[in-house]
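As the structure is a prediction and not an experimental result, all values here were calculated from the model.
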Amino acid sequence: MTLAVTALAGATLAGALGAVAERDTGRGIRLFREGREAERVDFGQLHAEAGQLACGLLERGVAAGERVGIALPTSADFARAFFGVVAAGAVAVPVPPPLRFASLETHMRRVVVAMRKSRVRVVLSNAMLGALLEPALAGAGGGELRILDVAQTASPAAVYADVAAEAPALVQYTSGTVESPKGVVLSHANILANVAAITESIGITDDDVSCNWLPMFHDMGLIGALVTASLNGIETCLLPPEDFIKDPGRWLQTISRQRATLTAAPSTGYLHTLRRTSSELVRELDLSSWRLALNGAESVDPDIMREFSGHFAPAGFRPTAFLPVYGLAEGTLAVTSPPAGRPVQSVWVQRDLLGQRVVAFTPAGAERARELVCVGTPVAGTELRLVADDGTALPEVPAVGEVQIRGASVTRGYEADGQAGQRQIPDGGWVPTGDLGFRHDGELYITGRKKEMVIVFGQNHYASDIESAAGRVPGVRPDGVLAASISSADGEGLVLMVETRETDHQARADLVAQIRQAVSSGLGVTPRDVVLVRRGRLPRTSSGKLQRHGSDALYEELRAQYAAQENQHPKTRALENRALADQHGR
Amino acid sequence: MDLQVTDIREQTVSIIAEQLGIPEGEVTPDSHFRSLPNVDSMRVLQIILKTEKAFAIEISDEVTFRVETVGEFQDLVVELCEQQASI
């Protein structure tokens, strides 16, 4: 464990950064844009500038405990803003960036809902983004929000507010629905406990160099890539996510040139890297310094890890670098991890029985079986239990239950409506995660989710949000949309099954386009497929609610059935559909 | 000049169609990007990158948050190409 993290008890985030600054190592945050080092701020400067920004915020009337939005891309300014807000004793609320080629207004309406909930008055941004956001926020009903440019807000003097370790430091809006977003409130103590736990679990030393591209409004990016690395005082290389998406080779080249040792990404991030890196480029890389490649934030695909390891072996990548981890914002970030450096472990279980929450082990590669990756044991200071639907704790034998967590890193509550306080977690501090899993040989395996959620590229999307966005499109029956998550070689994907009365070929094509736009522009997740079905075709419970269980199998069935139909001559099919509709009296 | 503008518009459509893996006929000026098949943030960035390369222009980050339709994107590319030519 590094020097700074050992002395974190009772400290604040700014205090911990101050301890790093005092060591005066010259190390810091280095931002790489388009393959070149574009910005650099050492931890001494960062600590000083955070204090100056804190002073500027306090001078502008920001009070202790007040929520302050941060709308900034991956940059030194983001680090200044985050540590500046917490140094002022205020609470950072990272704002997701707008989508390209999409309605800015729709995005802003979502942002405004969350900002209102947190009673945000001030949003820290930069000149470029601020000019874009200000009118858009006003147009979306957020005219009361004041946007401040980080560069113009700092004061010459530095101030570090005296805050309690238990005071809130961060609100992460990563769960909940559009209508009712859930902001996870995390204290200085929560975050520092998790940083210490991660540090111990993966054995961070002064020699480590981290290199990441994850967005800063995401828990794995903010806590993993920025805060944990900074508070350990290790060289912290960051790339904007857009740079990685355009060319993942840049990430690899930065790892290679900077002799990086630590990375964290979702499974689809490693897949994107694998697909877009030619064997020629692999030969130019030296990945032998890469000690740990944490793999989490979505389900971990063992095939991708094997392929990745094989593809990059000529560059010196070691398969034991892969570390499948489990975590979520409610636990700050890390919840479980296997021992660092241990080869990835997996088991094979019967797929069908998992749906019934039964764990039946099979030989590797058996038919109708699924390989599940071990995500290890809880990190220091975090407890975990598995709970049946009736709330009773499950015995220590392989049985699938909901994962619940509590401990030093775990949130004490969610942001509550219309008041400065927070909603407390009942039940002895146990926080339900919505994830399902079982224990085998004392270690955790995640099998799926209780919450109706689709995770694409590490981002959580609620089925109910997707369904209501699609249900608002004219021509769609509002309660006749079923969103499902399907797994494929491309990772998890969203499919929609939509009931409509529409029979005309062109009108149906238009409807599909409108549904795509409503979901993609509104929520930032694009359906991989939209299947239109006749009304009443989706299964419902006795109370008339759509039945979600087995929706992936239903999709396969409907896709096959309707694909045959869509391929017929449009006119014939329309007539047939009309006849069918008449038969059903709809 | 007119012919050139038509070329730019057509080539932009080809890039979009190719990146999304759909027929060019499905990409019309009034199409909202988010209504086209296979659009996600990764492909949007690829479209921007390929367009920048094809016309040797630079599309600023800021404007990509304002563009919603294919036609708006074509207008932007034409404008940037004209600026390029006049330099």
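Taking CG of B:Leu49 as the start and CD of A:Glu242 as the end, the distance is 12.5 Å to the nearest 0.5 Å. Note that OG of A:Ser103 and NE2 of B:His32 are 9.0 Å apart. Values are rounded to the nearest 0.5 Å. Atom CG of B:Asn38 sits about 9.5 Å away from atom CG of A:Asp529, to the nearest 0.5 Å. Going from atom CG of A:Leu99 over to atom CZ of B:Phe65 covers 8.5 Å, rounded to the nearest 0.5 Å.
Looking at B:Gln46, the atoms closer than 4.5 Å to chain A (heavy atoms on both sides) all sit in the side chain, from C-beta outward. Residue contact with chain A, scored on non-hydrogen atoms closer than 4.5 Å, involves the backbone of B:Leu36 exclusively.
Residues B:Arg34 and A:Arg516 are not in side-chain contact: their nearest non-hydrogen atoms beyond the backbone lie 4.5 Å or more apart.
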* Working for side-chain contact (heavy atoms from CB on, under 4.5 Å), residues A:Met128 and B:Asp61 -> CA-CA 9 Å; A:Met128 188 283 263; B:Asp61 227 23; 4.1 Å; yes
* To do: Go through the steps for B:Glu68 and A:Leu104 under the test side-chain contact (heavy atoms from CB on, under 4.5 Å), then give the verdict.
  => CA-CA 9 Å; B:Glu68 286 185 51; A:Leu104 191 58; 6.0 Å; no
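Residue B:Lys50 qualifies as open at atom NZ: its count of foreign heavy atoms under 6.0 Å is 12 or below.
With A:Phe101 as the fixed residue, the side-chain contact (heavy atoms from CB on, under 4.5 Å) test singles out one of B:Ile16, B:Val70, B:Ile48, B:Leu45: B:Ile48.
When all heavy atoms of A:Ala513 and B:Ser35 are compared, the closest pair comes out as O-CB, 3.2 Å.
For chain B, the option among A:Gln514, A:His272, A:His107 with the highest count of heavy-atom pairs below 4.5 Å is A:His272.
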